[in-house]
Each structure stands twice: as C-alpha cells, then as structure tokens.
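All ligand and atom numbering here is 1-based and tracks the order in the structure.
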Amino acid sequence: MDKRKQESFAAGVNREVIEEGEKMLYIYNKSTNPYFNLAAEEYLLKEFEEEIFMLWRNGPSVIIGKNQNALAEIDLDYVKKNNIPVVRRLSGGGAVFHDLGNLNFTFIVNEDISNFADFKKFTEPIIEVLKNLSVNAEFSGRNDITIDGKKISGNAQYCYKNRILHHGTLLFSASIKDLSSALKPKSLKFEDKAVKSVEKRVTNISEHLKKPLSIEEFIDLIMDHVKGTKEGKVYEFTPEDIKKIEKLVEEKYGTWEWNFGESPKYKFKNERRFSAGTVEVNMNVEKGRIEDIKFYGDFFGRRDVSEVEMLLSGVRHEEGEIKKALSKINIGDYFAGISVEELVSLLF
Ligand SMILES: Nc1ncnc2c1ncn2[C@@H]1O[C@H](COP(=O)(O)OC(=O)CCCC[C@@H]2CCSS2)[C@@H](O)[C@H]1O
C-alpha cells in the first residue's frame, strides 16, 4: 500500500477517496519532441502516484537504451545530415528508430518489483487490439511483438521505488528505410561492455491490415481498449507539469552529458588511407571524453604528433569540439598533406 493510502486508512477516510487514488490516468501526449517525451515519462514515474497509461509519438529520432554506447549504435553521418536527435532513455535494451508512423505506449503501474520483467502482460492489450483488427501478432523472444516473425514492437522496462514503467514501440507506418539507415549496430570500431542492440527484420502494422486505417484511428482504438480494462480518467498536462518536464529536458534529456556522455567507457580504433599516407588511431573514451589518444602510421610532419594527442585529451568525442581543438594548431605541421576534415573523419 502506498504512503497516501496508508494515511487515508489511518485517518479513516472513506473508500471512495481511497479508490479515487487508484484510478488510472489516461494520457494522449501530443508532443512529438523526443526530449520532452522521454522527460515526461520520468516525470510521471517519479512525481505522480497514480497509475498511468500514455500514448505518444516522436518526430524522427533514435532512442537508445540506458547502457548503450550512443556513437556505436548510429550512423553518425546519416543522423547528422538529417538532424535526427539521439536520446537516451531510462530503460535498458537496444536502440530503436522513431518517427510519426511509430506509436509509443507507456504503462506506469504500482506493483511489487517481482513483476518487473513480465513483459508479456503489458503487451497483451496491444495484441488484443491487433487481433480485433484481424492481425495475428504474438509476443516473441524477450521483448518483441512480431507479425509473421517480423518485429513490430520493441519493449523495455524501468523500475523506480514501487513503480514499474513499461514502454513499447509500435511500428504502424514508420519509414523502414530511415530506420535501417539511422541505426547501425555492430560497429567494429568500438570495443566496450555496452548493451548491444539486437537487429531484427521489421514490418509496419499497416501492411497487415485488411482495411485501411489511419494512425489516429489506431491510436483511438488502443486508447479505448486500454480504458476498458481499468477505471480511470483522461489527464492532460497542466502548465505546471509542462514547466517541470521542460526543466528536466534542460537539465538532462536535452544535454550532451546524458545522451552521449553516459555511454559506458569504450576503446575506439580506426584506420584510413589518405593520399598522403595511412593513419591509424586508438583512443580510450570515458564519459564521452577522449581520455587518451594515439596516432600511428606512415604520415610525415615537421612536429611531433604527441602534441596533437595532448591537445585532444579531455575533449568530447564530438565533431564540433574536436574541430575547435584542432583549429588551435596547423594540422599540416603534424600530418603533411592531410586535412582537418580527413583527420576528423578518422575519429568517427
Ligand atoms: N520503432 C521500432 N520498433 C520496433 N523495432 C524497431 C524499431 N526501431 C528499430 N527496431 C528494430 O529493433 C532492433 C533493436 O531491438 P532491441 O531488442 O535491441 O531493442 C529494443 O527493442 C528496445 C525497445 C525500446 C522501446 C522504448 C519504448 C518507448 S521509447 S523506446 C533494431 O536493431 C531494429 O532491428
């Protein structure tokens, strides 16, 4: 029993008041900003006592698991070129791609944490909705929902005090092309103990429907179905909620420190042949920052490359910061005939 209920009992408060606290809050969060939406989940988990069911979508983005190496999971060039934000979430597991054709659902329930990792239970209402649409979907493996063996949903959980947050994706009409371009698991350049994504063949739900259905109609069907399973009320964020969520974006979800700096420490290795010679790099990165870096190869320069290595120590493993650091020196003095652009390309 949570603290508020205990107090109500102790005070002899009537049952209605107690039951009031048990009602589920149903939220259709219309923000499509991934930073805001992931912050909203943490806010609802930690600041509310009620159980919650929320539906939401993100604009194009990559959402990585708590213990993942951000750079090792993405195609950095593609993500940069298309302005796709990479956002770290609280829950474990792998990296997924979101766009407006991908619907997310979140359950936050007050339960004993022994129910943590019961993924099936939370995916059941979704599978029921699909069944009602004559789509035969099933729970598969550890955390997926599949149709004909192809993945339509990835799920993950996070536990806080006596509350479990379970969330999942639903590929309804997402761009599979963007999905596979933005995610690039299994990069050989990184060596670390980070959680690796489990790449699967994916499909969109809309491909399996007998009759056309818009994503908005799909959202209504899911919301109505879940509403039918537990008494509750519709909730909309108040201006105060929004202010607090935005504060969490500013302090956490919108920061490089959280999204990239929280990557478990890693070794990065790469080699490139440039017209002026071959350069190999080895570096250790901790909290997203280059701890130490070593260049090897058959390149020439007037000055000792250890000066560049020193200059880059402590710098973020991030293009902007590396370029800024390198702008302090004349790169040709160390790597004759190799441009800053070329050297930077070696580091990613
Ligand atoms: N949107 C989406 N939905 C389902 N499957 C996806 C998606 N994007 C990519 N993938 C596939 O899943 C694997 C990664 O699977 P993996 O099992 O490694 O990771 C997950 O499933 C994590 C699910 C997290 C769900 C959260 C819910 C709200 S915020 S994110 C990836 O390599 C692709 O093959």
Side-chain angles (χ1 to χ4, degrees), residues 27 29 31-42 44-45 52-70 72-75 78-79 84-108 117 119 122-123 126-127 130 137-158 164-187 194-208 215 218 222 253 258-259:
I27 304 174
N29 169 14
S31 161
T32 56
N33 177 328
Y35 302 113
F36 180 91
N37 289 340
L38 286 153
E41 280 192 317
E42 177 169 347
L44 293 168
L45 175 72
I52 290 159
F53 178 72
M54 177 164 76
L55 289 175
W56 50 289
R57 286 184 289 168
N58 282 335
S61 48
V62 171
I63 310 300
I64 59 168
K66 172 84 187 278
N67 301 306
Q68 288 202 288
N69 180 344
E73 293 293 332
I74 57 173
D75 181 326
Y78 189 84
V79 158
I84 297 174
V86 176
V87 192
R88 188 179 298 275
R89 59 177 191 267
L90 279 180
S91 63
V96 285
F97 173 79
H98 291 191
D99 65 15
L100 295 181
N102 175 80
L103 176 66
N104 303 297
F105 63 96
T106 306
F107 283 100
I108 298 172
F119 280 50
F122 295 100
T123 55
I126 308 292
I127 291 174
L130 292 170
E138 56 186 6
F139 185 76
S140 151
R142 213 185 73 82
N143 64 322
D144 298 345
I145 304 177
T146 57
I147 300 175
D148 296 339
K150 291 188 197 151
K151 180 166 174 173
I152 54 148
S153 169
N155 292 263
Q157 293 187 349
Y158 179 76
I164 299 173
L165 179 149
H166 175 110
H167 53 189
T169 59
L170 287 166
L171 292 169
F172 185 82
S173 54
S175 165
I176 303 296
K177 198 178 139 284
D178 289 346
L179 181 153
S180 44
S181 304
L183 302 172
K184 277 282 163 288
K186 300 203 197 84
S187 171
V195 171
K196 308 288 180 298
S197 299
V198 185
E199 200 175 358
K200 292 273 169 72
R201 287 178 69 201
V202 294
T203 185
N204 275 311
I205 293 165
S206 62
E207 305 261 320
H208 304 266
I215 191 159
F218 184 61
I222 293 190
Y253 288 91
W258 171 249
N259 295 319

Report yes or no: does [X] contribute a side-chain atom to a donor-acceptor pair with the main-chain N or O of [Y] at less than 3.5 Å?
X: N204; Y: A174; answer: yes
X: D99; Y: G101; answer: yes
X: S31; Y: N37; answer: no
X: Q68; Y: V195; answer: yes
X: R201; Y: K150; answer: no

For the [atom1] atom of [X] and the [atom2] atom of [Y], what is their distance to the nearest 0.5 Å?
X: I108; Y: F53; atom1: CD1; atom2: CZ; result: 11.5 Å
X: I147; Y: I205; atom1: CD1; atom2: CD1; result: 5.5 Å
X: N102; Y: S175; atom1: CG; atom2: OG; result: 11.5 Å

Using a 4.0 Å cutoff against the non-hydrogen atoms of [X], which atoms of ligand 1 qualify?
X: S197; answer: 18 (O)
X: L179; answer: 7 (C), 8 (N), 9 (C)
X: N155; answer: 23 (C)
X: L183; answer: 9 (C)
X: K200; answer: 34 (O)
X: W56; answer: 28 (C), 29 (S)

Please state which part of [X] comes within less than 4.0 Å of ligand 1, counting heavy atoms only: side chain, backbone, both or neither.
X: V96; value: both
X: Y158; value: neither
X: L170; value: neither
X: R142; value: neither
X: N143; value: side chain

So is there a nitrogen or oxygen of [X] less than 3.5 Å from a nitrogen or oxygen in ligand 1?
X: K151; answer: yes
X: V198; answer: yes
X: G94; answer: yes
X: F97; answer: yes
X: R89; answer: no

Specify the protein heavy atom at minimum distance from [atom]: its residue, its atom name, and the distance to 0.1 Å.
atom: atom 3 (N) of ligand 1; result: T169 OG1, 2.8 Å
atom: atom 11 (C) of ligand 1; result: V202 CG1, 3.7 Å
atom: atom 32 (O) of ligand 1; result: E199 CA, 3.4 Å
atom: atom 23 (C) of ligand 1; result: G154 C, 3.5 Å

Any side-chain heavy atom of [X] within less than 4.5 Å of one from [Y]?
X: I126; Y: I222; answer: yes
X: D148; Y: T203; answer: no
X: R89; Y: H167; answer: yes

| task | May I ask you to check whether N155 and S153 show a side-chain donor-acceptor distance below 3.5 Å? | result | yes

| Distance-only polar pair, side chains of Y253 and E42, donor-acceptor under 3.5 Å | yes

| Heavy-atom proximity to atom 14 (C) of ligand 1, best of G93, G101, A95 | A95

